[in-house]
Amino acid sequence: LSDSVIDNLIIEGLIGKTIEVIKMRELMNLGLATNVLIQPLYLKYTEQIEKDVKKMKWSEENSFIRTQENRNEFIAKLSNSFPDKNVMVIYQNKDTAENILEEIIKLRNPSKEYKTKNYQGPNEEKVYLSWGATKASNRDDFRGYLEKDEGNILLGTVSIVSTGINIKNVHVFIFANLGKSMTLVIQAVGRLVRLHKSKDNAIVYDIVDDVRYTVKRSGNVYENYMFKHWKERLNIYNNEEFDLLEPKHVQLQIKEKIKF
């Protein structure tokens with residue numbers, strides 16, 4: 001169903017009330033789906049950035065945050081931290097994916113000149129970019145690469161990953177820029193719970209851009225839009241009874257080796 005109450009009322013008026021047959025948690029308990037762990041990663045920014053973001057509208061914050069170089073470097077390093085697993089990075093904006101992709105290639109093949117078009121098909125780095133304009137045949141190829149072996153990274157749009165691709169041999173999801181849609185969150189996690197002999201558990205790393213600003217004199221806390229979106233996703237995780245791990249906090253301006 002839609003996230004819109006009005007849309008849902010219209011649908012139910014036409015075809016009847018919604019009936020939830022079984023929740024994902026029940027499938028996991030029955031052994032019919034892979035158990036999923038949710039690992040929130042709180043990305044902390046400088047105090048100056050917190051002040052700047054406080055004044056921004058949603059579109060400004062979204063554009064500003066997802067183009068932060070340190071953020072993209074962090075997500076690239078995280079993606080590259082699972083050499084014996086397959087990883088999918090889920091995003092909403094193609095420019096976000098391209099920035100992250102470029103950083104991943106720097107890690108996997110520093111001497112290679114980066115060109116986005118090189119990652120629409122087979123490549124020695126085993127990194128692939130899937131978005132709205134990607135041909136169906138290429139998506140089928142990507143599925144084949146990931147089902148065949150491990151160590152692959154697939155960057156996919158929310159729409160492609162939620163409804164347009166079915167890969168069982170995936171162990172790690174990274175929500176790089178997911179938003180707050182209940183439908184998209186559940187569909188995306190639903191892609192990860194496919195049973196496969198290589199996984200007992202799967203994990204979602206949910207990137208939380210924590211740019212909350214606290215006024216020192218009054219103590220008032222201003223929540224940025226992306227943090228509010230995280231709270232919506234958190235409600236979804238709790239309602240679906242997913243296993244939530246304790247949040248980890250990452251200070252972006254500190255250059256350090258990532259350990260997961």
Side-chain angles (χ1 to χ4, degrees), residues 24 28 33-45 65-66 68 70-93 96-97 99-101 103-104 107-108 126-130 146 150-158 160-162 165 167 169-181 184-194 196 198-211 226-227 229-238 240 242-252 254 256-260:
M24 222 180 298
M28 294 176 191
T34 303
N35 189 54
V36 172
L37 307 174
I38 309 295
Q39 175 63 75
L41 297 177
Y42 280 45
L43 303 192
K44 298 293 293 181
Y45 296 77
I65 292 297
R66 60 187 172 81
Q68 289 297 301
N70 283 353
R71 182 185 193 271
N72 294 327
E73 288 179 359
F74 172 80
I75 296 173
K77 290 177 181 177
L78 175 61
S79 306
N80 202 46
S81 299
F82 307 95
D84 59 343
K85 300 181 185 299
N86 286 327
V87 178
M88 294 181 69
V89 182
I90 304 176
Y91 62 92
Q92 286 191 336
N93 306 90
T96 301
N99 291 335
I100 296 170
L101 173 60
E103 295 299 329
I104 294 173
L107 295 170
R108 293 206 163 186
K126 300 172 70 174
V127 182
Y128 313 100
L129 176 65
S130 180
L146 271 68
E150 284 71 45
N152 299 279
I153 300 174
L154 173 62
L155 296 95
T157 59
V158 168
I160 295 299
V161 174
S162 62
I165 199 164
I167 304 172
N169 190 23
V170 178
H171 313 82
V172 179
F173 268 17
I174 299 173
F175 289 168
N177 179 221
L178 190 61
K180 60 179 181 178
S181 166
L184 291 178
V185 170
I186 292 176
Q187 285 179 336
V189 175
R191 296 288 161 182
L192 188 57
V193 303
R194 267 61 170 176
H196 191 272
S198 69
K199 61 183 180 183
D200 295 320
N201 291 294
I203 188 165
V204 171
Y205 289 97
D206 193 319
I207 303 298
V208 181
D209 293 285
D210 183 3
V211 203
M226 288 187 170
F227 190 82
H229 291 178
W230 153 245
K231 291 170 70 175
E232 295 285 341
R233 296 196 301 276
L234 180 59
N235 286 335
I236 297 167
Y237 296 145
N238 285 327
E240 293 296 318
F242 294 148
D243 291 335
L244 277 161
L245 303 177
E246 285 295 316
K248 294 185 178 182
H249 299 262
V250 180
Q251 192 71 42
L252 282 184
I254 298 176
E256 57 184 1
K257 187 176 181 180
I258 301 170
K259 297 180 180 178
F260 287 100

Which residues pass the side-chain contact (heavy atoms from CB on, under 4.5 Å) test with [X], not counting sequence neighbours?
| X | answer |
| --- | --- |
| Leu43 | Tyr45, Arg71, Phe74, Ile207, Asp209, Val250, Leu252 |
| Ile186 | Met24, Met182, Ile236, Glu240 |
| Lys126 | Arg108, Tyr128, Asp149, Asn152 |

Return the minimal non-hydrogen interatomic distance between [X] and [Y], and the atom names on each side.
| X | Y | result |
| --- | --- | --- |
| Ile153 | Ser79 | CD1-O, 3.5 Å |
| Lys180 | Glu232 | CB-CB, 3.7 Å |
| Ile38 | Phe242 | CG1-CB, 3.9 Å |
| Phe173 | Ala188 | CE2-O, 2.9 Å |
| Val170 | Lys199 | O-NZ, 2.7 Å |
| Ile100 | Ala176 | CD1-CB, 4.1 Å |

According to the interplanar angle, ranging from 0 to 90°, do the rings of Tyr237 and Trp230 count as parallel (below 30°), tilted (30 to 60°) or perpendicular (above 60°)? tilted

Gap between atom [atom2] of [Y] and atom [atom1] of [X] - 0.5 Å precision:
| X | Y | atom1 | atom2 | value |
| --- | --- | --- | --- | --- |
| Thr96 | Asn72 | OG1 | CG | 7.0 Å |
| Leu37 | Leu245 | CG | CG | 5.0 Å |
| Leu154 | Met88 | CG | CE | 4.5 Å |

One pair to check against side-chain contact (heavy atoms from CB on, under 4.5 Å): Asp206 and Val208. What are the steps and the verdict? CA-CA 6 Å; Asp206 193 319; Val208 181; 4.1 Å; yes

Would you mind reporting whether [Y] and [X] have side-chain heavy atoms less than 4.5 Å apart?
| X | Y | result |
| --- | --- | --- |
| Asn93 | Arg66 | yes |
| Lys77 | Leu107 | yes |
| Pro40 | Lys248 | no |
| Val193 | Met28 | yes |
| Leu41 | Pro247 | no |

Under the criterion side-chain contact (heavy atoms from CB on, under 4.5 Å), I'd like the reasoning laid out for Leu101 against Val127: C-alpha separation, chi angles, the key distance, then a yes or no. CA-CA 8 Å; Leu101 173 60; Val127 182; 3.2 Å; yes

Just checking, any donor-acceptor pair under 3.5 angstrom between side chains of Thr34 and His196? no

Between the side chains of Asp200 and Asn35, is a donor N or O closer than 3.5 angstrom to an acceptor N or O?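 No, no side-chain donor-acceptor contact under 3.5 Å.
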
Looking only at atom types and distance, does a side-chain atom of [X] sit under 3.5 Å from a main-chain N or O of [Y], one as donor and one as acceptor?
| X | Y | answer |
| --- | --- | --- |
| Arg194 | Ile167 | no |
| Asn86 | Leu146 | yes |
| Asn238 | Leu234 | yes |

ring-ring contact (aromatic ring centres under 6.0 Å, His included) involving His249 - partner list, sequence neighbours excluded: Tyr42

Sequence neighbours excluded, which residues qualify as ring-ring contact (aromatic ring centres under 6.0 Å, His included) partners of His229?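 Trp58.
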
List for me each residue that meets side chain to side chain donor-acceptor pair (under 3.5 Å) alongside [X], sequence neighbours excluded, and say none if there are none.
| X | answer |
| --- | --- |
| Asn235 | none |
| Glu150 | Asn169 |
| Gln92 | none |

Could you go through the side-chain contact (heavy atoms from CB on, under 4.5 Å) check for Tyr91 and Ile75 one step at a time? CA-CA 11 Å; Tyr91 62 92; Ile75 296 173; over 6 Å; no

Going through the distances and angles, do Val185 and Leu178 end up as a side-chain contact (heavy atoms from CB on, under 4.5 Å)? CA-CA 8 Å; Val185 170; Leu178 190 61; 3.7 Å; yes

